[in-house]
Amino acid sequence: MSCGELRAGDAGGSVCLRGWVNRRRDHGGLIFIDLRDRDGLTQLVFDPSSPDLPADVFATAERLRAEFVISVNANVRLRLPGTQKADLATGGIEGAVTALTILNESLTPPFVVAGDDDVDENVRLRYRYLDLRRPRMQRNLTVRHKIVKAMRDYFDARGFLEIETPNLIKSTPEGARDYLVPSRVHQGAFYALPQSPQLLKQILMIGGLGRYMQIARCFRDEDPRADRQPEFTQLDVEMTFVEEADVMAMMEGCVIDVWRTALGVSIATPIERLTYEDAIRRFGSDKPDLRFGLELTDVAQIVAGSDFPLFATLAAGAGNRIIALRYPGGAVLSRREFDALAETAKGFGAKGLPYLAFTADGLKGSIVKVVSPEIVAELQRYTAAQTGDALLFVGEAHALASDIAGRLRIEIAERLKLRDPKAFAFCWVYHFPLFERDAETGAITFSHHPFTAPGPGQEDLFDSDPLRVRAQHYDLVLNGYELGSGSIRNHKEAFQRKVFHRLGLDDATIEDRFGFFMEALRFGAPPHGGMALGLDRIVMLACGETSIRDVIAFPKNQLARDLMMDAPSSVPAAALRDLGLSINVKPQPAQL
RNA sequence: GGCGCAGUAGCUCAGUUGGUUAGAGCGCCGCCCUGUCACGGCGGAGGUCGAGGGUUCGAGCCCCUUCUGCGUCGCCA
């Protein structure tokens, strides 16, 4: 019997309950204990006037403190009239204790476990076992379980096999930094922990498994963020004989099913689909937050003839964008506030942030003198700016302008509280470019991963204008977060080799790093494609949290440390000797 | 690696222009209390103001350095 189960109908019976002391209310002659387990709370009464309560039991009850673990025998009875508690599932009954065993005592906890009061995250992580007892983490981990179960059920019902892939694999170049594991048997050689099971799941397809899924742990040695951990979990999926639309439909069905069965929320279908180009044009991001409008408007044509040199120059040059961003109600901002907003924009890479404010008293703004009334009128018409609104202008090279305006769009939405934390706005973004130019080196690199196939009919462009090649690559986006990416993969060795060549890898390098995979492609590799979704982010958004640390039982902090275990840590010299390693940096003294 | 914010009691925080003995709520400890459920009442303990250095007659407060955490940029095929 658990602490959340008893109801009025159980009155008259007797039960054995075990759990933690959530709260005690000691009235001197009468003691109440709220007993807690994962299931809920049950009020226990120690009533010395009752003939069923031995005196020594009451004496023991006086010793009880928060987080003591106890076992009791109790008679279940209805609470006295007027003492029922409506907001508690078990609030109609109580347990009149007849026997008590203290299974374990507890030190005074560093924070109150009975409740979700704010506690410093360091303290929560250091004493994670106490934090895990609190309602928030119990709820979040329960939701996580339900989501994972819904995923497994969904794919099981559709003929997918869950197949485990190894965590000790081969390091392959590019992408994120690998976590490396030194080999004892082969000193000087290293395994890598998988950044994702990408090649393994493709080989499972080559292996004829048809439909694969896995709740897979992935490792990337990059700096953590609120929505990123060095180790994280993906729902990983791969299928043979599919096209883009098949995978998207399968994954869309999954998230709809997960939201319905695990959260009881129905998602509007079909999920909106945006091409990459449209997403950038309308929202300035390839992971647009569709919970609000505030779309970007291109105004180069309108302002081309203005006296503002910046506009005229940008409009004349190819590859530039001039974007107007409507700030509803922004006309009331002071000059100082607009300056601060410009500073924010500069932080995003803008050189400045010209603006117009349509106040009740007329037009104001930094460029009011250099833009003619006709152009202003046209801008107002085109952007649907109302009196009281402001227009912010971003003019830069196309990609930069889009990025800046996209970030400002989020900034404005944040200020106007347009991002409803309870809303779920999914969208697909697809038709990504296959390649992009590395901003620093200028070299051509892949935008997803090098196994993504180009769209049909794109082969000619591949040689003549690779940056314009469209990939069969799709992202699922929720509330401005990228939930995951997928693609149709190259299944012909010759073409995969061509992609590698295009990326600057020579045959020797291909052989060294991907030889096993290239060989597999030569043995009847079927057409295949798939997707991976970030489970932690999904659960985070489903729980209304803003950090994936709150949906992971034992997360790491921003320096990738586990504050409870104090990992990473040094190891004995003998362990290093076994591995043929020596350390050539000074050992860091323990900081904790 | 850059930028921003934060660090004062076990927890959450306040602390004025640099000025007496650094406070509050919760928690904890003791006593009282038979219907509470955030029980209540009375009393009490508890502080390297993250650390180091400096300015000053005097520093929680000002300056420098540093550590830690969070957010973010870089990074994240």
Side-chain angles (χ1 to χ4, degrees), chain A residues 22-35 41-50 53 58 65-67 79-88 90-91 94 96 107-127 130-131 172-178 194-196 198-199 218-230 232 343-344 346-349 403 407 434-436 438-440 445-452 471 473 482 485 487 499-500 503 505 513-514 532 534 546-547 549 557-559 561 563 588-592:
Chain A
N22 194 56
R23 279 208 166 87
R24 77 186 165 105
R25 292 178 292 282
D26 185 347
H27 290 232
L30 187 69
I31 299 173
F32 296 99
I33 295 289
D34 289 337
L35 192 66
L41 296 175
T42 295
Q43 171 167 283
L44 303 177
V45 191
F46 295 84
D47 182 357
S49 70
S50 161
L53 183 80
F58 190 82
R65 293 294 181 274
E67 301 313 311
R79 293 201 191 184
L80 299 174
T83 65
Q84 296 95 342
K85 200 160 160 58
D87 59 352
L88 198 64
T90 58
E94 63 192 4
L107 297 174
T108 299
F111 52 85
V112 179
V113 172
D116 281 327
D117 292 348
D118 273 351
V119 176
D120 184 83
E121 198 172 14
N122 298 329
V123 181
R124 289 178 58 202
L125 291 179
R126 167 135 185 239
Y127 301 95
L130 297 177
D131 191 37
T172 52
E174 319 276 348
R177 197 174 293 113
D178 279 327
Q195 295 180 29
S196 80
Q198 180 63 34
L199 287 173
C218 307
F219 306 85
R220 294 178 190 175
D221 188 3
E222 301 290 350
D223 290 353
R225 288 283 188 282
D227 63 348
R228 268 165 34 193
Q229 283 270 298
F232 61 100
E343 284 308 308
T344 303
K346 283 178 188 169
F348 299 152
D403 184 53
R407 292 176 191 226
L434 184 61
F435 298 113
E436 57 194 31
D438 187 296
E440 279 173 29
T445 180
F446 40 83
S447 54
H448 178 35
H449 59 52
F451 313 106
T452 301
H473 162 198
E482 181 196 313
S485 283
S487 65
V499 172
F500 281 140
L503 293 169
L505 276 62
R513 306 319 311 191
F514 299 107
T546 55
S547 165
R549 291 187 299 274
N557 73 5
Q558 200 165 121
L559 289 178
R561 281 209 285 231
L563 295 179
Q588 299 288 316
Q591 303 281 2
L592 304 170

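First the proteins, then the strands, lettered A, B, ... as listed; each starts at 1. Every value quoted in this text rests on a predicted model; they were computed, and no experiment measured them.
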Restricting to nitrogen or oxygen on both sides, can you table the protein-nucleotides 74-76 of chain B pairs closer than 3.5 Å?
unit_1: B:G74; atom_1: N7; unit_2: A:Arg225; atom_2: NH2; d: 2.8
unit_1: B:G74; atom_1: O6; unit_2: A:Asp223; atom_2: OD2; d: 3.4
unit_1: B:G74; atom_1: O6; unit_2: A:Arg225; atom_2: NH1; d: 2.9
unit_1: B:G74; atom_1: O6; unit_2: A:Arg225; atom_2: NH2; d: 2.8
unit_1: B:G74; atom_1: N1; unit_2: A:Asp223; atom_2: OD2; d: 2.8
unit_1: B:C75; atom_1: O2'; unit_2: A:Glu222; atom_2: OE1; d: 2.4
unit_1: B:C75; atom_1: O2'; unit_2: A:Glu222; atom_2: OE2; d: 3.4
unit_1: B:C75; atom_1: O2; unit_2: A:Arg228; atom_2: NH2; d: 2.9
unit_1: B:C75; atom_1: N3; unit_2: A:Arg228; atom_2: NH1; d: 3.1
unit_1: B:C75; atom_1: N3; unit_2: A:Arg228; atom_2: NH2; d: 3.1
unit_1: B:C75; atom_1: N4; unit_2: A:Arg228; atom_2: NH1; d: 3.4
unit_1: B:C76; atom_1: O2; unit_2: A:Arg228; atom_2: NE; d: 3.4
unit_1: B:C76; atom_1: O2; unit_2: A:Arg228; atom_2: NH1; d: 2.9
unit_1: B:C76; atom_1: N3; unit_2: A:Arg228; atom_2: NH1; d: 3.3

Contacts under 3.5 Å, N or O only, protein and nucleotides 22-32 of chain B:
unit_1: B:C29; atom_1: OP1; unit_2: A:Arg65; atom_2: NE; d: 3.1

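Taking a cutoff of 4.0 Å between a charged side-chain nitrogen and a carboxylate oxygen, A:Asp34 and A:Arg25 qualify as a salt bridge. A salt bridge links A:Glu121 to A:Arg549: at least one charged side-chain nitrogen sits closer than 4.0 Å to a carboxylate oxygen.
Pairing for B:U20 is absent, with no Watson-Crick or G-U wobble pair whose two atom distances lie under 3.5 Å. Both distances falling under 3.5 Å, in either a Watson-Crick or a G-U wobble arrangement, place B:A6 opposite B:U68. Remark: B:G40 base-pairs with B:C32. Criterion, Watson-Crick or G-U wobble with two distances under 3.5 Å. In this entry B:C61 has no Watson-Crick or G-U wobble partner, no candidate having both defining distances under 3.5 Å. Base pairing annotation: B:U55 forms no Watson-Crick or G-U wobble pair, as no partner gives both donor-acceptor distances under 3.5 Å.
For the C1' atoms, the distance from B:A6 to B:C49 is 14 Å, rounded to whole Å. Comparing the P positions of B:A59 and B:G41 gives an interatomic distance of 40 Å, to the nearest angstrom. The same atom, C1', is picked in B:G44 and in B:A38; the two are 22 Å apart, to the nearest Å. B:U12 and B:G7: their C1' atoms are spaced 13 Å apart (whole Å). Comparing the P positions of B:C73 and B:C11 gives an interatomic distance of 30 Å, to the nearest angstrom. On the P atoms, B:A14 is 31 Å away from B:G30, given to the nearest whole Å. For the P atoms, the distance linking B:U16 with B:C39 amounts to 34 Å, nearest Å. B:G60 and B:A22 have their P atoms separated by 10 Å, with the value rounded to a whole Å.
The ring of A:Phe32 lies on top of the base of B:U36, close enough and flat enough: under 5.5 Å between centres, under 30° between planes. Aromatic stacking of A:His27 on B:U36: not satisfied for centres closer than 5.5 Å together with planes under 30 degrees.
Here B:C11 presents its P atom at 10 Å from CG of A:Asn122, a figure rounded to the nearest Å. Going from atom CG of A:Asp131 over to atom C1' of B:C11 covers 13 Å, rounded to whole Å. Summarising the geometry, the separation between CG on A:Leu44 and P on B:G35 is reported as 18 Å, rounded to the nearest angstrom. Across the protein-nucleic acid pair, A:Glu67 atom CD and B:C11 atom P stand 16 Å apart, rounded to whole Å. Put simply, CZ on A:Arg25 is 13 Å from P on B:G35, counting in whole angstrom units. Atom-to-atom, CG of A:Asp116 to C1' of B:C11 comes out at 14 Å; the value is rounded to the nearest Å. The CG-P distance, from A:Asn557 to B:G7, rounds to 19 Å in whole Å. Straight-line distance from the CG atom of A:Asp118 to the P atom of B:A6: 17 Å, rounded to whole Å.
The two residues A:Cys218 and A:Ser196 come nearest to each other via the heavy atoms SG-CA, 3.8 Å. Between A:Ala114 and A:Arg23, the shortest heavy-atom distance links the atoms O-NH2, 3.1 Å. Nearest heavy atom pair, residue A:Ala226 against residue A:Thr546, reads CB-O, 3.8 Å. Of all heavy-atom pairs spanning A:Asp223 and A:Arg228, the tightest one is O-NH2, 2.7 Å.
Take A:Gln229 and apply the side chain to side chain donor-acceptor pair (under 3.5 Å) test, not counting sequence neighbours, and it matches no residue. The side chain to side chain donor-acceptor pair (under 3.5 Å) check on A:Arg124 picks up A:Asp131, A:Asp550, with sequence neighbours excluded. Residues that satisfy the salt bridge (charged side-chain N to carboxylate O under 4.0 Å, His left out) test with A:Arg225, not counting sequence neighbours, are absent from this structure. For A:Asp26, there are no side chain to side chain donor-acceptor pair (under 3.5 Å) partners at least two apart in sequence or on another chain.
Base engagement by A:Glu94 is indicated by at least one non-hydrogen atom pair under 4.0 Å involving a base atom. Using a 4.0 Å heavy-atom distance criterion, A:Arg126 is classed as making no nucleic acid contact. Using a 4.0 Å heavy-atom criterion, one finds that A:Ser196 contacts the bases of the nucleic acid, with or without backbone contacts as well. If you check every strand for non-hydrogen atoms under 4.0 Å, A:Leu559 touches sugar and phosphate atoms only. Contact annotation for A:Glu121: backbone-only contact, meaning every heavy-atom pair under 4.0 Å involves sugar-phosphate atoms and none involves a base.
Here the nucleotide nearest the side chain of A:Val119, chosen from B:G69, B:G71, B:U12, is B:U12. The side chain of A:Gln558 has B:G71 as its nearest neighbour among B:G71, B:A38, B:U12. Which of B:C11, B:U12, B:G35 sits closest to the side chain of A:Phe111 comes down to B:C11.
In this structure, the side chains of A:Arg79 and A:Lys85 come closer than 4.5 Å at one or more pairs of heavy atoms.
On a pure distance criterion of 3.5 Å, no polar donor-acceptor pair joins the side chain of A:Arg124 and the base of B:C11.
Ring geometry for A:Phe500 against A:Phe514 counts as parallel: the plane angle stays under 30°, on a 0 to 90° scale with 60° as the upper cut.
Nearest-nucleotide mapping onto RNA chain B: of A:His449 and A:Lys85, the residue sitting toward the 5' end is A:Lys85.
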